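Counting starts at 1 for both ligands and their atoms, following the listed order. Please read all numbers here as calculations on a predicted model, not as lab measurements.
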Amino acid sequence: MTQSIQTLLDEIDRILTHGVRSEYATELLLGKEGLLRRAYHQLKSLPQTERRNLGKALHEREARAKNLLGSIPTVIQKDTEALYFDPTFPGGASPIGHRHPVGIIINEIVSFFTKMNFQVREGTEIETAEYNFDLLNIPPAHPAREAHDTIWINRQKGTLLRTHTSPMQIRVMAKSKPPLRVIVPGRVYRYEAEDATHASVFHQVEGFVVQQGTTVANLKWTLHAALESIFGRDIELRFRPSYFPFTQPSLEIDLACIHCEGKGCTICKQTGWLEILGAGMIHPQVLKNVGYNPARVSGFAFGVGIERLAMIKYKITDIRSFLTPDRFVIDQFPGVLQ
Ligand code: DAH
């Protein structure tokens, strides 16, 4: 790459005036392939008349650079990983980090629900089959158990890594009396063959409200308001009947695609809708399991996958991106660098 001698001079002046990260300064200015060497090289191809003045300018910069950098050896070890460190040279600014997209969405959810007077609980990632399944109305032979590919810790003892955040419904309800408003953000685990849309570790937020007179209307309003707050815009939802063992009735909720306004695009696979969460009215059997009287109190519950929301909001196409420690991957997510 040949740069004009003027560009090289400007760069040299900039470094001499402002300094650069110390470990690079010497090599950059005086090194074998440094800016001064390159400028001298360019000089050779200039006409005599221009050569004199520019040559003088370069000599002057070289003297200043040597003076500034003192006795630091000009040729630094070839191994660039072991660059010379000059503790007296002014340091460069370190880039500050930013939140992970999953953290941003969790914070947005927590912020919305705490304003609505929900308490935030986390629970433990190691659970028992009793809480993860039985008390949620998923008995051992129930086919729904097969849908949760479980990572068992000890199958005989019934210990496992929670496959969803729903067991916290049981844990919280069993220890407190209604009225209750709770959200549970947390990590969950599934025994999955990983691909672009399946990870064996991901995040969910469970939410539930139990009090006298709670209805599906409360559920619909709450989810609509929460999702508008997360996506930062007006949204349209579609509620479809579904099945979960721990809710009755159960609903699956779709969001009108926020990227094509429901017209059909690659994000919504041309359907105009994005499936985003499961919800329902807490099953009377589940209320009984925690000692509540379903004739007196009712509740709604929902569970949402955080990575799914982040993928939709930030147009991320591969769920595995969330798990990579590579900042080049994380940094490219648009709109999350605050
Ligand atoms: N626990 C469900 C899952 O992980 C999600 C879910 C569906 C949670 C409906 C709920 C609910 O609270 O009401 O697949």
Side-chain angles (χ1 to χ4, degrees), residues 106 109 113 118-125 127-139 142-151 160-174 180-192 197-210 214-224 226-227 237-255 274-287 289-290 292 294 297-309 319:
I106 290 180
I109 294 177
F113 281 101
F118 281 62
Q119 43 164 321
V120 182
R121 302 289 297 274
E122 287 188 298
T124 50
E125 291 168 23
E127 261 300 353
T128 62
E130 194 188 6
Y131 284 94
N132 196 84
F133 295 125
D134 303 276
L135 293 168
L136 283 165
N137 209 22
I138 320 174
H142 197 287
R145 241 186 228 212
E146 300 309 311
H148 286 224
D149 315 271
T150 308
I151 298 176
L160 48 80
L161 292 173
R162 66 179 175 193
T163 59
H164 52 176
T165 41
S166 304
M168 276 301 280
Q169 287 186 32
I170 306 293
R171 288 195 179 272
V172 173
M173 287 195 288
L180 282 176
R181 294 177 176 197
V182 182
I183 53 162
V184 185
R187 218 173 269 139
V188 300
Y189 300 82
R190 305 256 171 112
Y191 187 70
E192 294 273 7
T197 53
H198 297 89
S200 43
V201 187
F202 58 99
H203 298 76
Q204 288 187 335
V205 172
E206 192 80 11
F208 56 98
V209 166
V210 191
T214 305
T215 67
V216 175
N218 303 130
L219 164 68
K220 289 173 86 169
W221 185 90
T222 307
L223 289 177
H224 197 273
L227 289 162
L237 295 179
R238 180 169 80 173
F239 295 79
R240 279 184 292 115
S242 183
Y243 174 78
F244 300 104
F246 36 89
T247 45
Q248 174 74 298
S250 301
L251 303 166
E252 205 133 347
I253 295 152
D254 301 331
L255 170 72
L274 299 156
E275 222 178 277
I276 47 166
L277 79 153
M281 298 305 290
I282 300 176
H283 198 289
Q285 186 58 51
V286 172
L287 294 174
N289 290 348
V290 296
Y292 291 0
V297 288
S298 56
F300 70 72
F302 60 88
V304 57
I306 304 302
E307 280 80 355
R308 174 104 181 112
L309 291 182
I319 196 168

Pair listing, side-chain hydrogen bond (donor to acceptor under 3.5 Å, both in side chains) test, anchored in residues 300-309, at least two apart: H203-E307
With atoms numbered from 1 as shown, which atoms in ligand 1 lie under 4.0 angstrom from a non-hydrogen atom of [X]?
X: G280; result: 13 (O)
X: S166; result: 1 (N), 8 (C)
X: Q169; result: 12 (O)

Which residue and heavy atom of the protein sit nearest [atom], plus the separation:
atom: atom 4 (O) of ligand 1; answer: Q204 NE2, 2.9 Å
atom: atom 12 (O) of ligand 1; answer: E206 OE2, 2.6 Å
atom: atom 5 (C) of ligand 1; answer: G303 CA, 4.2 Å
atom: atom 14 (O) of ligand 1; answer: R190 NH2, 3.8 Å

4.5 Å side-chain heavy-atom contact, L227 and V304: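 Heavy-atom side-chain distance check fails, nothing below 4.5 Å.
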If you define the side chain from C-beta out and look only at heavy atoms, does anything of N137 sit under 4.5 Å from F244?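 No, side chains not in contact.
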For ligand 1, indicate whether the residue F246 contacts it via side chain, backbone, both or neither (heavy-atom separation under 4.0 Å).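 Only the side chain of F246 comes within reach of ligand 1.
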Report the part of A301 (side chain from C-beta onward, or backbone N, CA, C, O) that has a heavy atom under 4.0 Å from ligand 1; answer both or neither where that applies.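 Looking at A301 and ligand 1, atoms from backbone and side chain both fall under 4.0 Å.
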Of the options E127, E125, E122, which is the one that meets R187 in a salt bridge (charged side-chain N to carboxylate O under 4.0 Å, His left out)? E125
Relative to each other, are the rings of H142 and Y243 parallel, tilted or perpendicular (30° and 60° limits)? parallel
Considering both backbone and side-chain atoms of G278, is one of its nitrogen or oxygen atoms within less than 3.5 Å of a nitrogen or oxygen in ligand 1? no
Any N or O of T247 closer than 3.5 Å to N or O of ligand 1: no
Looking at every non-hydrogen atom in both residues, tell me the closest pair between E192 and S200 and how far apart they are. N-CB, 4.3 Å
With side chain to side chain contact (heavy atoms under 4.5 Å, CB included) as the criterion, how do I282 and Y292 come out once you've worked through the C-alpha distance, each side chain's angles and the decisive distance to 0.1 Å? CA-CA 11 Å; I282 300 176; Y292 291 0; over 6 Å; no
Results of side chain to side chain donor-acceptor pair (under 3.5 Å) for N218 - residues two or more places apart only: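 Result, side chain to side chain donor-acceptor pair (under 3.5 Å) vs N218: T215.
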